[in-house]
Amino acid sequence: MSSETHDHDAGRVGGPEHDGLEHAGHEIDNYLSGKPFFSRAGGKIFIIWLPMTAVGVLISLFLPHHIFPALLSNQGTDVFETMVFFSILAAPVAAIVYAVGIYSLVAWRPKKHNMSEPPPDGAPQRGDGPLTTIWLVASTALVLVLLVWGITVWSAQQVTHSNTLVVKVIGQQWAWDFQYPGTSVVSHDLMLPVNRPVEFQITSEDITHGFWPVNLGVQVDANPNEVTIIRATPDRMGKFTVRCSQLCGLYHAFMYSPGDVVSSQQFANFLVAQGAKPAAAARLAETQPTISGLSATVAGS
Amino acid sequence: MSTATEIHYLEDTNLGPKAGGLYRRQNIFTGLAVGIISGFIGWLVSHALLQSSNWGTDMVVTVTMASWVIGFNAGMGTFNAPFRWLRGKDQTHEDELYAAGVSQGGWRYWKYCTDHKVVGTQYLVFVMALFGVGGALAMMIRTQLITPHSTFLDPETYNAIVTIHGMTMIIATIIMVSGPFANFIMPIMIGAKDMAFPRLNAMSFWVIFSAVPPLMATFFLGGVDAGWTTYAPLSVQAPAAMDAFAICIITFVVSVTVAGINTVVTIMTMRAKGMTMGRLPIFVWASMVGGALGLYAMPAFLLDMSMMITDRATGTSFFVNQVGGNGWLWENVFWIMGHPEVYVILIPGVGAILEICSTFARKPVFAYKVAIAGFVGIASLSIMVWAHHMFTTGWAPLLAGPFMVTTELISIPTGIIFLVIVGTLWKGSIWTRLPMYFAYLFLWNFIIGGVTGIYLSDVPADQYFHGDMFVTAHFHYTLLGGAMIGATAGVCYWFNKMTGRMLDEKIGKVAFWFIAIGIQVTYFGQFWEGFQGMPRRVAYYDPIFLHANQMSTAGAYVLMLGWLIFLYAMIHSWRNGEIAPPNPWHARTLEWLIPTPVPLENFLVDPVVTEDPYGYGDTPPPGQLAPFAEPEPEREPELVPVGADASASDGGSH
Ligand SMILES: [Cu+2]
């Protein structure tokens, strides 16, 4: 690492007489010095940085598939895609910090030096150079990308659909009840027809609970004397669990209900079996193919 | 002035037999005795008068706990000086010397002592005790979660433990840097003889000390089953333990407020000649920003808890939806405190890390002014982000967007911290002593804590992760992996100055590896639980989360072992460690230029500062401050400037 020691010495040049501005110029000189890129510290750090970033991106692309449960709604897909996208953006940033950290331990730790005495001083860089500005501009740009992504996804989720199925959710210590307006059905299971937008109207009979149909990728608290609303469109059939995400006393852990996204026909059958009039059940299970991008090949109704 | 024999140490002053007045008779035992008697009287009176009323039990617990706090502090001596002053007498100089611990030896650590170094040491031991309690509770939680349906704890006890683990750790982390280091080290760093308000300083410690028994009493009053966030209306219905909890918080807020005022005023007014704001060590800036932010945040907590008490004891129903109140009010006021509070915890820890990076990279703090701007930026933005804790409560959905914006903007000043650390390491001369190990661990953890925070700041993603173990893992990465590792680095760095002995680095490095690996395993397990959809604060769980929980629990045991080894290193070194030289790190901030152990009032000759303490590679290292060191013939014995002597530093200073 003799070249590095050289850089050190270069950094020392000028010493006390240099003021901040000259340091800045000095840093740029250093940067532009004739040495080939990959033998300078920056180049070597780049060599560490590149594979770390690549690994980070690969993890971002493939790990979420394996650790998320099956996400059954378009909101769930949003969560998934946000995690992947943000992770890919974060990978190069985290990798820069880690690469410099690792490189500093490898290259900038003086060899064969007596650990009870400090090594010679490092370069007196005070950070008056352009790096701070570059860092600030880059991090601001990244934040703006995150914000545009987040607000776009969030706004898209706020669109209401004309054929929305309303489900009333009532939390109480320690169980969930689901009502389907238009019928007399009150169920402990949350049954939903696939490809039909759902609006959950949530309230509580006692204290605050957290209504969290996990695999639908949405949640909102159930507050007494308030009705809170969330929307989701289940787009895959499958079983899921409704959990309580807000500590609600003694048996909080046992406050969960089974959920199931089923076909319209199965949904109508479920309502009838729960005591709904067949006509009302058919009306609720009716699906109109008004949502773009969704396959509307739904049996029944 | 120039020879050691002429030095008069204040602690050697012979005090008259009456110096100190009532302080002479007061110590922790009189505090405990008066506190217990006062609490008992409070119980007797309130029980006799109020028990039969509708809210009797809550009134009785509130009055009893408040009486304990007031009684303890009266017995300790907190109110002595104000009362003397009210009676038209003031403390004499001898009284003040007595209060500062003169002629009491080790006994002064058990008394109302105004010496900032005694207070700092008291805080250090107290924080370690709190971490011991909070850590033991954490281990009980993780032990319960080894299997999905463990019978180790019943759900009632489990919920109580979850709550008190959280609150104990919050109290401990808020004071873990601002207590020991902002008290012991910071005044020396700015060249002050003590804090601006020494009596308030002693008060801040003994008040926070008196806050903890009510917190532990909650276990015997039915337990607080609502989590440390104690969301209403569940907390309004909670057992009488909740009243003790509220008194604990109110007392705690008084202490943190008093300490915050003291820190800010000290830095504003007590700096040595030449110690301009632009020459302050970065840790001092961090302490000031953290202290000032606490002044903003903490009153909201007092307000919230006061309304909680009146809701419970007098039926005001601020937070009870069914009778005209609203739980969202609790949540708003709580997080108006709660979000700035995490930065009250974090910023001083970051300050310690930056100080350590500079010393052990042998380089100036990179972009010093930008770092300060980063602290101020974080603090300013942090008061505008609280509702990101409420994205999924259903409150004001239209505000989700604006709060997402403010929250994500915090990434910019937070990113500055990484820039400053990376820039300080850049082409440094890395001296890998124990404090630097923890500085690297901070860097590693804080990236993970920061990135996972970005997911949670995004409203759609938060709709999945809110209230689940992902959040738990995220804030443990920032508060334990970030802030607490920063404080641990601070312990490794300043232990020798505070105790006079070197911290054993061999044992410390063994502890380091257990801690470093333990954190990753524990909280990656919890991230995994979070991805899978496991809610927080559950005593039992779906078996699909089994492997993630086992991973987390295994990591927690490794982590516990690490902290126990670290504790052993501290105790062992404190008793038998190698005697510390005044400046083992060859650092340049003022605390290293005075002797160890530090004499009362720190500086016998007022230091004069001519440049900032980061002249590594630029200016010759400063000598020890006269008159303690051997005077060097070519230097003025009385006023040795910090940094270097005036002629050499002419060009280098700004
Ligand atoms: Cu619940």
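Just so we're on the same page: letters track the sequence lines, and every chain starts at 1. Any value given below was found using the heavy atoms of this structure, including those in side chains, with hydrogens, waters and symmetry copies removed.
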Quiz prompt | pair B:His466-A:Trp212: side-chain heavy atoms closer than 4.5 Å | solution = no
Is [X] in contact with chain A via its backbone, its side chain, both, or neither, using a 4.5 Å heavy-atom distance?
X: B:Val370; result: side chain
X: B:Phe465; result: both
X: B:Glu505; result: neither
X: B:Tyr440; result: side chain
X: B:Pro397; result: backbone
X: B:Phe391; result: neither

Per-residue contact mode, [X] against chain B (heavy atom under 4.5 angstrom):
X: A:Ser204; value: neither
X: A:Phe254; value: side chain
X: A:Tyr251; value: side chain
X: A:Gln219; value: both
X: A:Glu117; value: both

Pick whichever of [options] has the most heavy-atom pairs under 4.5 Å with chain B.
options: A:Ile96, A:Asn223, A:Leu71, A:Thr208; result: A:Asn223
options: A:Leu146, A:Asp78, A:Leu105, A:Val214; result: A:Leu105
options: A:Ala90, A:Pro224, A:Ser245; result: A:Pro224

Quiz item: Once the angle between the rings of A:Trp108 and B:Trp426 is folded into 0 to 90°, is it parallel (under 30°), tilted (30 to 60°) or perpendicular (over 60°)?
Solution: perpendicular
Exercise. Just say parallel, tilted or perpendicular for the rings of A:Phe68 and B:Phe531, cut-offs at 30° and 60°.
Key: perpendicular
Quiz item: How far apart are the C-alpha atoms of B:Gln237 and A:Asp206, what are their side-chain angles, what is the distance that settles it, and do they pass the side-chain hydrogen bond (donor to acceptor under 3.5 Å, both in side chains) test?
Solution: CA-CA 10 Å; B:Gln237 302 167 3; A:Asp206 37 43; over 6 Å; no
Quiz item: Would B:Lys427 and A:Gln125 count as having a side-chain donor-acceptor pair, cut-off 3.5 Å?
Solution: no
Self-check item: Exercise: do B:Tyr464 and A:Thr82 side chains pair donor with acceptor under 3.5 Å
Solution: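 Side chains of B:Tyr464 and A:Thr82: no pair found under 3.5 Å.
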Practice problem: Sequence neighbours left out, what pairs pass salt bridge (Lys or Arg N to Asp or Glu O under 4.0 Å) with at least one residue falling in residues 455-470 of chain B? | Solution: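 Listed by first then second residue: nothing to list.
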Quiz item: What salt bridge (Lys or Arg N to Asp or Glu O under 4.0 Å) pairs are there with at least one residue in residues 239-256 of chain A, not counting sequence neighbours?
Solution: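 Residue pairs with at least one partner in residues 239-256 of chain A: A:Lys239-A:Asp260, A:Arg243-B:Asp542.
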Self-check item: A:Arg126 side-chain N/O to B:Tyr614 backbone N/O, donor-acceptor pair under 3.5 Å
Solution: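 Here the side-chain-to-backbone pair exists.
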Quiz item: So, the side chain of B:Ser429 versus the backbone of A:Asp121: is there a donor-acceptor pair under 3.5 Å, distance only?
Solution: no
Quiz prompt | chain A interface, residue from B:Gly401, B:Gly227, B:Gly533, B:Ala461 that has the most non-hydrogen pairs under 4.5 Å | solution =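 Result: the option with the highest number of such pairs is B:Gly533.
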Self-check item: Nearest atoms (heavy-atom pairs only) where B:Pro535 meets A:Cys244
Solution: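 Nearest heavy atoms, B:Pro535 then A:Cys244: CB-O, 3.6 Å.
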